[in-house]
Amino acid sequence: MKVIIAEKPSVARELAKVFGANTKKAGYIEGKGFTFTWAFGHLLQLAPPQDYGFYGWRAQNLPMLPAKFKLAVRKIKTKDGVVEDPAVRKQLDVIKALFEECTEIIVATDAGREGELIFRYIYYYLKCKKPFRRLWISSQTDQAIKDGFRNLKPGTDYDTLFYSAHCRSESDWLVGMNATQALSISAGNRAVLSLGRVQTPTLAMICSRFNEVKNFVPETYFQVAIQLKKDESLFRAISAKNYKTKEEAEEVLEAVLDLARGYEKGARVEKVEAKAKKEPPPLLHDLSSLQQEANKKKGYTADQTLGILQQLYEGKLVTYPRTGSRYIGDDIFASVPDLIAKFKDHPLFGKQAQVLSSQKLNKRSVNAKKVTDHHAILPTGEPAGHLSSDRQAVYDMVVGRMLEAFHEECLKETTKITLVSGALFTANGTVIKQAGWRAVFNDKDEDKKDEDNATLPAVLKDETLVISNKAILERQTKPKPLYTEATLLKALETCGKDIEDEELRYAMKDSGLGTPATRASIIETLIKRDYIKREKKSLIPTDMGLAVYDVVKTKKIAQAELTGAWEKRLEEIKAGASVADFKAEIAEYTKSITQELLKAGTALAPITVKAKA
DNA sequence: GCAAGGTC
């Protein structure tokens, strides 16, 4: 018997279906000489400090550098404290029995670094010696699965991938556990002051933006607005220049030849620029873009959206949600017309689904090369039935985005009218000629200011127009906005892009900080630590968060570059570079950051006393 | 009591 192990039940079911195996047992499916079993993500984790004899949180223990890491069954928190997760233990027992029985293991965890680690941790924890081969597929259509099984790779081909995954895991433990204890201890051991490769740069981003806003000095400036009349329509134009003082603006205002001053047609059209613009449809959603949209439209937190999506996924209404890809492959695309047809009677989207059924689909979201372990989020087409309002809202975002993504471009015409009346004035307008994908939600373009979205009347060069009104506008420069969950998620995704060092920037280009599956929990961790809080839609630091930021802001652990540097080395390890060298560097860094924090954290003692009181 | 990573 051969046993196939997947990362999660849904994938195991999919594989079993392709093989025609359908005898369901507790924790596995069998048939046709194969057994399909699964993990639930990471079943095992690196054992906590006490498993190496580091009891309590004491400076003498630091730095904790286990000679050899141990694995422990994943824990959950219950009212009786932290215990082994019984479901995980049970599944491990199932896997153990199957591994003992089998002649060969086929590794079908997700095709990536963590997928490899999930399997290897199980394999080594169970002290299994059975031979294994690797299934490496990036799409789960029947054809891709069949091809993948015909083309299984030797398990050892992925040894270096495992080494890089293992290094990632141990390095995060070493730096995170030691830095956390060092800071907490030196601040008086009254509160958990956690630090980590991902959470600390995230905190730093929130704090630095907050400080920027707090220290921002707004500057007042002035504009002159005129109201013009062409036949029966009115529109507004704004001075081409901004003025620093009210006096300057008043001079310009005075010079305007308006009706009140007796000028029948005091404005002359200097220039009319009309441009046709094609606006392509948005890409399909990945988890992050959906979390951002749900936060903007409905105010859901990233964590809530992930939870809702997980429920929809378990209800088989949407495809795998924790994806970082906004694309699908050609195989999935082939099934899209049928999928769209299933929404022809949908109360909200039925009409657009029908429209789409009769036109050529836009292929902007179709690119097999940009599909990583999972493709973009799509509805499955299963009948949804009655859903709670939040599930319905998120489901509609998935369905609506699918219709948008395969829709035609939106055709717009933008117009810029330049006028002279004393000074120069401009009016910007946009007219949607053909809604295309924008017909799905009929939303306005939220990135644009209202005044740029005005509908302007047709005017000709050198035509003269009535100025029916004029005014001075007092404006203020604005700071960048505080982070919301939506903008923070975006920033986490893209934060590697402005790193100066070219190699580090390259190493982070596909990753950013954290992963789609973990970003929501990073935000929740910072809130749980009392480092940040939600205020309306914004995320703002607490006094504690700001104090921690002050201590670590110049250190490597607070920089996104640290992840870039690690990614670069991990990529090299994957390509065969020395593991020992990287481990030695991490041990060195662990020692130095621990020493620094053991001294630096004393500055935080007063604030932890206050927090405790 | 602690990281980041995965997922029911």
Side-chain angles (χ1 to χ4, degrees), chain A residues 6-12 27 38-51 54-58 61-64 69 74-77 81-82 85-88 90-91 109-110 112-122 164-185 187 189-202 287 306-307 309-311 313-315 320-324 373-374 492 511 513-522 524-526 528-530 557 562-563 566-567 570 586 590 593-594 597 608:
Chain A
E7 181 155 327
K8 44 193 168 266
S10 65
V11 174
W38 53 78
F40 310 117
H42 277 296
L43 300 182
L44 298 156
Q45 52 192 184
L46 296 177
Q50 61 267 30
D51 286 25
F54 303 121
Y55 298 109
W57 290 36
R58 296 162 15 167
N61 284 341
L62 303 187
M64 304 175 287
F69 275 94
R74 189 213 294 165
K75 308 282 196 294
I76 46 166
K77 280 188 177 143
V82 179
D85 184 332
V88 167
K90 200 171 153 202
Q91 191 62 15
T109 47
D110 290 355
R113 195 165 76 195
E114 290 304 319
E116 191 63 29
L117 191 62
I118 285 171
F119 166 69
R120 300 278 182 135
Y121 273 177
I122 295 170
S164 82
H166 198 200
C167 282
R168 199 282 306 148
S169 178
E170 293 188 352
S171 304
D172 275 326
W173 190 104
L174 287 169
V175 172
M177 295 290 190
N178 281 293
T180 297
Q181 287 202 14
L183 187 67
S184 305
I185 290 166
N189 235 337
R190 288 178 206 90
V192 175
L193 300 179
S194 68
L195 298 174
R197 171 180 59 85
V198 176
Q199 62 171 266
T200 305
T202 306
L287 174 62
L306 177 56
L309 272 170
Q310 176 68 21
Q311 292 166 343
Y313 170 63
E314 285 168 27
Y320 180 76
R322 289 179 212 83
T323 175
D373 351 4
H374 304 281
L492 290 176
S511 57
L513 266 183
T515 70
T518 58
R519 285 182 192 129
S521 69
I522 296 290
E524 297 304 318
T525 297
L526 293 175
K528 196 166 101 193
R529 297 274 175 270
D530 197 21
I557 197 168
L562 180 64
T563 291
W566 286 21
E567 286 300 336
L570 293 171
I586 294 293
T590 301
I593 184 77
T594 305
L597 290 169
T608 59

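FYI, side chains are in, hydrogens and waters are out, and symmetry mates aren't considered; it's all heavy atoms of this structure. Since the structure is predicted, the reported quantities are computational estimates derived from the model, not experimental observations. Below, chains carry the letters A, B, ... as their sequence lines are ordered, and counting in each starts from 1.
In this structure, A:Lys90 reaches neither bases nor backbone, as no heavy-atom distance under 4.0 Å exists between it and the strands shown. Within the nucleic acid shown, A:Gly514 comes within 4.0 Å of sugar-phosphate atoms alone, with no base atom in reach, counting heavy atoms only. Nucleic acid contact class of A:Ala517 (heavy atoms, under 4.0 Å, all strands): base. Residue contacts for A:Gln311: at a heavy-atom cut-off of 4.0 Å it reaches no nucleic acid atom on any strand shown. A:Tyr313 comes within 4.0 angstrom of sugar-phosphate atoms only, judged by non-hydrogen atoms across all strands, and of no base. A:Glu114 comes within 4.0 angstrom of sugar-phosphate atoms only, judged by non-hydrogen atoms across all strands, and of no base. Contact annotation for A:Ser194: backbone-only contact, meaning every heavy-atom pair under 4.0 Å involves sugar-phosphate atoms and none involves a base. At the heavy-atom level, A:Arg519 lies nowhere under 4.0 Å from the strands shown.
Put simply, A:Arg529 has a side-chain N or O that comes within less than 4.0 Å of OP1 or OP2 on B:dA3. An OP1 or OP2 oxygen of B:dC2 is reached within less than 4.0 angstrom by a side-chain nitrogen or oxygen of A:Lys77. Applying the 4.0 Å criterion to OP1 and OP2 of B:dC2, one finds that A:Arg197 has every side-chain N and O outside that range. For B:dG6, neither phosphate oxygen OP1 nor OP2 lies less than 4.0 angstrom from any side-chain nitrogen or oxygen of A:Gln45. Residue A:Thr518 has a polar side-chain atom (N or O) positioned under 4.0 Å from OP1 or OP2 of B:dG5.
Across the protein-nucleic acid pair, A:Asp110 atom CG and B:dG6 atom P stand 9 Å apart, rounded to whole Å. Between the OH atom of A:Tyr121 and the C1' atom of B:dA4 there is a distance of 11 Å, rounded to whole Å. B:dT7 atom C1' lies 9 Å from atom CG of A:Leu306, rounded to whole Å. Going from atom CZ of A:Phe69 over to atom C1' of B:dA3 covers 11 Å, rounded to whole Å. A:Ile122 places its CD1 atom 15 Å from the P atom of B:dG6, with the value rounded to the nearest Å. As rounded to whole Å, 15 Å separates atom C1' of B:dA4 from atom CG of A:Leu44. For A:Leu287 and B:dG5, the CG to C1' distance is 15 Å, given to the nearest whole Å. For the pair A:Leu62 CG and B:dC2 P, the computed distance is 16 Å after rounding to whole Å.
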Practice item. Begin with the C-alpha distance, continue with both residues' side-chain angles, and end with the deciding distance and a verdict on side-chain contact (heavy atoms from CB on, under 4.5 Å) for A:Tyr121 and A:His166. Key: CA-CA 9 Å; A:Tyr121 273 177; A:His166 198 200; 3.3 Å; yes

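Electrostatic pairing of A:Arg120 and A:Glu116 counts as a salt bridge here, judged by a charged N lying under 4.0 Å from a carboxylate O.
Comparing B:dC2, B:dA4, B:dC8 against the side chain of A:Asp172 picks out B:dA4 as the nearest. Picking from B:dG5, B:dG1, B:dT7 the nucleotide with the shortest atom distance to the side chain of A:Val192 gives B:dG1. Counting only heavy atoms from C-beta on, A:Leu46 has its side chain closest to B:dA3 among B:dG1, B:dA3, B:dC8. For A:Arg168, taking side-chain heavy atoms from C-beta onward, the closest of the listed nucleotides B:dG5, B:dC8, B:dC2 is B:dG5. Listed nucleotides: B:dA4, B:dG6, B:dC8. Nearest to the side chain of A:Val198: B:dA4.
The shortest side-chain heavy-atom distance between A:Pro49 and A:Trp173 falls under the 4.5 Å cut-off.
No hydrogens or angles were tested; on distance alone, a donor-acceptor pair under 3.5 Å links the side chain of A:Asn189 to the base of B:dG1.
An aromatic stacking contact between A:Trp173 and the base of B:dA3 is absent, as defined here by ring centres under 5.5 Å apart and ring planes under 30° from parallel.
A residue-by-residue look at A:Pro9 and A:Pro201 shows that A:Pro201 has its nearest nucleotide of DNA chain B further toward the 5' end. Across the interface with DNA chain B, nearest-nucleotide mapping of A:Thr515 and A:Gly81 shows A:Gly81 to be the residue nearer the 5′ end.
For A:Lys75, the NZ atom is densely surrounded, since the number of other residues' heavy atoms within 6.0 Å is greater than 12.
In summary, of the residues considered (A:Leu195, A:Val192, A:Thr180), a side chain to side chain contact (heavy atoms under 4.5 Å, CB included) with A:Arg529 occurs for A:Val192 alone. Of the listed residues (A:Val11, A:Ile118, A:Leu117), just one forms a side chain to side chain contact (heavy atoms under 4.5 Å, CB included) with A:Thr109, and that residue is A:Ile118.
In this structure, the separation between CD on A:Glu170 and CZ on A:Phe69 is 5.0 Å, given to the nearest 0.5 Å.
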